[in-house]
Amino acid sequence: MEGVDLKKERLQKAFVDLDEHREALTKCTVQWKELEEHFLSLERSIQKRLEDLEAKERTFEAKMRETQEILDKREVSIASKEQASLARVQEQKDAALAVIFEERRKLKEEFDNRCEKVTDDDTKKDSIKEKESGSVNANGSSISDGPEADSKKEISPSRKSEAKVQPQVRSELKTLCETMDSKGLRKYIIEHRKDAAGLRNEVPSALNSAIDPSRLVLESLEGFYSLEQKSSDKKESGLPALRRACTLLLESLVPVLADPIFGVEHPVLPLNIKEQAKSIADEWKSKINLEGDVANGNSLEAQAFLQLLATFGIASEFDKDDLCKLVLAVARRRQTPELCRSLGLESKMPGWLAGVLLC
């Protein structure tokens with residue numbers, strides 16, 4: 001009996017312990033369900049936020065694509081408007097230049113007509129004087145038909161100006177100017193460089209037939225400092241020939257740009273052409289190489305640079321002392337005295353200039 005009671009106590013204790021474990025297990029089960037519901041709620045909330053973000057992203061991407069399309073269309077529209085504006089500005093520029101050069105041509109014609117009128121008056125006066133001298137001779141004057149009579153029949157300055165008839169310009173040369181073919185014009189001058197005297201007479205008249213002579217000459221200066229100079233170019237071909245052609249064009253442009261009233265000292269030029277010439281002059285000045293040229297006084301680079309300044313009336317934009325140094329590099333060239341006068345350098349080098357004029 002004692003063993004049965006002991007076992008009974010043990011069994012009762014085991015049931016009490018089991019009941020305690022049951023309560024703990026039930027409590028744990030309840031807590032796990034609460035945790036599981038909490039995590040499910042968090043997952044649903046996160047999923048919803050993710051879906052909201054994805055929807056917003058899709059909306060943003062759609063708006064971005066729409067905005068990009070609008071920007072592309074506007075860019076195309078702006079580009080087309082810009083091209084149209086540039087074309088319109090170019091047309092207005094060409095029209096304005098045409099008006100300017102037409103007015104210049106009319107002024108020149110008017111000036112020439114006045115000169116012709118003065119010449120005619122002088123011719124009439126000369127003929128009257130000749131008749132009077134003839135009548136004096138008929139009345140027993142001491143004047144004979146010898147050398148003295150010939151000297152009295154010399155052409156007056158006004159008649160000499162009348163005798164300066166415009167030279168006959170080669171058709172090919174005139175066509176190149178009329179079509180504004182700058183490269184073709186420069187090539188033609190290079191190919192006919194042996195006839196330099198004839199070109200100097202004809203090129204100014206040919207440039208007069210161009211729509212925009214100044215722009216034509218500026219465009220022909222392209223390649224003056226070519227990077228493709230070879231050793232064979234030191235002869236009368238290649239780069240030196242090109243530079244001589246450019247210089248000849250710059251010299252020939254001077255009478256074309258001359259003001260009908262004030263002369264060559266006041267070239268008639270639009271502001272943009274002067275700015276373009278100044279830009280080219282700045283580039284050339286930074287590249288001039290006078291090594292060995294100061295001694296021989298025959299630098300093509302210095303001559304072309306100085307002629308560029310003189311032709312377009314931009315010498316005042318540069319330091320006169322620097323220009324005087326460049327003049328020394330062209331001391332032996334026949335155009336130097338006239339260049340010095342055009343550049344206003346007489347006062348800077350009076351002694352040297354007098355020496356050049358005497359040469």
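As the structure is a prediction and not an experimental result, all values here were calculated from the model. Numbers here are sequence positions counted from 1.
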Next on the checklist: Could you tell me if the side chain of Leu176 sits less than 4.5 Å from the side chain of Lys174, heavy atoms only?
Outcome noted: no

Checklist entry - What heavy-atom pair brings Phe224 and Leu300 nearest, and what distance separates the two atoms? => result CZ-O, 4.3 Å

Checklist entry - How long is the span from the NZ atom in Lys187 to the CG atom in Leu242, to the nearest 0.5 Å? => result 12.5 Å

Checklist entry - Cation-pi between Arg65 and Phe60: NZ/CZ under 6.0 Å from ring centre and within 45° of the ring axis? => result no

Item to check | salt_bridge(Arg170, Asp195) N-O dist < 4.0 Å | outcome: yes

Item to check | Inter-residue atom distance Arg186.CZ - Leu216.CG, 0.5 Å rounding | outcome: 11.0 Å

Item to check | Glu102 atom CD: more than 12 heavy-atom contacts under 6.0 Å | outcome: yes

Checklist entry - Donor-acceptor pair, Lys320 side chain versus Gly344 backbone, under 3.5 Å? => result yes

Next on the checklist: Taking the side chain as everything from C-beta on, heavy atoms only, tell me whether Arg215 gets closer than 4.5 Å to Met180.
Outcome noted: yes

Checklist entry - With a 4.0 Å cut-off, would you call Glu37 and Lys33 a salt bridge? => result no

Next on the checklist: For residues 276-285, which residue pairs pass the side-chain hydrogen bond (donor to acceptor under 3.5 Å, both in side chains) check, not counting sequence neighbours?
Outcome noted: Lys278-Asp282, Glu283-Lys287

Checklist entry - What is the distance from atom CG of Leu249 to atom CG of Leu308, rounded to the nearest 0.5 Å? => result 12.0 Å

Checklist entry - At what distance, to the nearest 0.5 angstrom, does CG of Leu306 lie from OG1 of Thr336? => result 8.5 Å

Checklist entry - Taking 4.0 angstrom as the limit, do Lys48 and Glu51 come out as a salt bridge? => result no

Next on the checklist: I need the minimum non-hydrogen distance between Ser182 and Ser220, along with the two atoms involved.
Outcome noted: CB-N, 3.7 Å

Item to check | Test applied, side chain to side chain contact (heavy atoms under 4.5 Å, CB included); reference residue, Leu343; option that passes from Leu309, Ile314, Leu326 | outcome: Leu309

Next on the checklist: In this structure, would Ile280 and Leu253 fall into the same cluster of hydrophobic residues linked by side-chain contacts under 4.5 Å?
Outcome noted: yes

Item to check | Greater than 12 external heavy atoms within 6.0 Å of Ile100's CD1 | outcome: yes

Next on the checklist: Tell me whether Arg44 contacts the main-chain N or O of Phe39 through its side chain, where contact means a donor paired with an acceptor under 3.5 Å.
Outcome noted: no

Next on the checklist: Would a single hydrophobic cluster contain both Ile288 and Leu221, if residues Ile, Leu, Val, Met, Phe, Trp and Tyr are joined by side-chain heavy-atom contacts under 4.5 Å?
Outcome noted: yes

Next on the checklist: Ignoring hydrogens, what is the shortest heavy-atom contact between Ala281 and Phe318? Give both atom names and the distance.
Outcome noted: CB-CZ, 3.6 Å

Item to check | Pairwise side-chain contact, Leu40 with Glu43, heavy-atom cut-off 4.5 Å (strictly under) | outcome: yes

Item to check | Derivation and outcome, side chain to side chain contact (heavy atoms under 4.5 Å, CB included), residues Leu199 and Tyr188 | outcome: CA-CA 10 Å; Leu199 288 173; Tyr188 182 88; 4.3 Å; yes

Item to check | Residue pair Lys73, Ser77: steps toward the side chain to side chain contact (heavy atoms under 4.5 Å, CB included) verdict | outcome: CA-CA 6 Å; Lys73 289 179 181 178; Ser77 175; over 6 Å; no

Checklist entry - Is it true that Val268 and Val256 fall in one hydrophobic cluster, defined by side-chain heavy atoms closer than 4.5 Å? => result no

Checklist entry - Heavy atoms, side chains only, cut-off 4.5 Å: are Leu97 and Ile211 in contact? => result no

Checklist entry - To the nearest 0.5 Å, what is the distance between CG (Leu323) and CG (Asp319)? => result 7.0 Å

Item to check | side chain to side chain contact (heavy atoms under 4.5 Å, CB included) evaluation trace for Gln307 with Glu251 | outcome: CA-CA 7 Å; Gln307 188 61 58; Glu251 291 171 352; 3.5 Å; yes

Next on the checklist: Can you give me the closest heavy-atom contact between Ala206 and Leu173, atom names plus distance?
Outcome noted: CB-CG, 3.9 Å

Checklist entry - Are more than 12 heavy atoms from other residues, nucleotides or ligands located less than 6.0 Å from atom CD of Glu222? => result no

Checklist entry - Can you tell me if His38 uses its side chain to pair, donor with acceptor, with the backbone of Glu34 under 3.5 Å? => result no

Checklist entry - What distance separates Leu339 CG from Thr311 OG1, expressed to the nearest 0.5 Å? => result 8.0 Å

Checklist entry - Is the shortest heavy-atom distance from the side chain of Leu185 to the side chain of Cys177 under 4.5 Å? => result yes

Checklist entry - Do Arg49 side-chain atoms and Ile46 backbone N/O form a donor-acceptor pair below 3.5 Å? => result no

Item to check | Residue pair Gln90 / Asp94, side-chain heavy-atom distance below 4.5 Å | outcome: yes

Item to check | Nearest heavy atoms of Thr247 and Ala304, plus distance in Å | outcome: OG1-CB, 3.5 Å

Checklist entry - Do the non-hydrogen side-chain atoms of Arg243 and Tyr225 ever get within less than 4.5 Å of each other? => result yes

Checklist entry - Heavy atoms, side chains only, cut-off 4.5 Å: are Lys93 and Asn272 in contact? => result yes

Checklist entry - side chain to side chain contact (heavy atoms under 4.5 Å, CB included) between Asp212 and Ser214: does it pass, once the steps are laid out? => result CA-CA 6 Å; Asp212 189 349; Ser214 54; 2.9 Å; yes

Checklist entry - Counting only heavy atoms not in Glu61, do more than 12 fall under 6.0 Å of its CD? => result yes

Item to check | Shortest non-hydrogen contact from Lys274 toward Gly313 | outcome: NZ-O, 3.7 Å

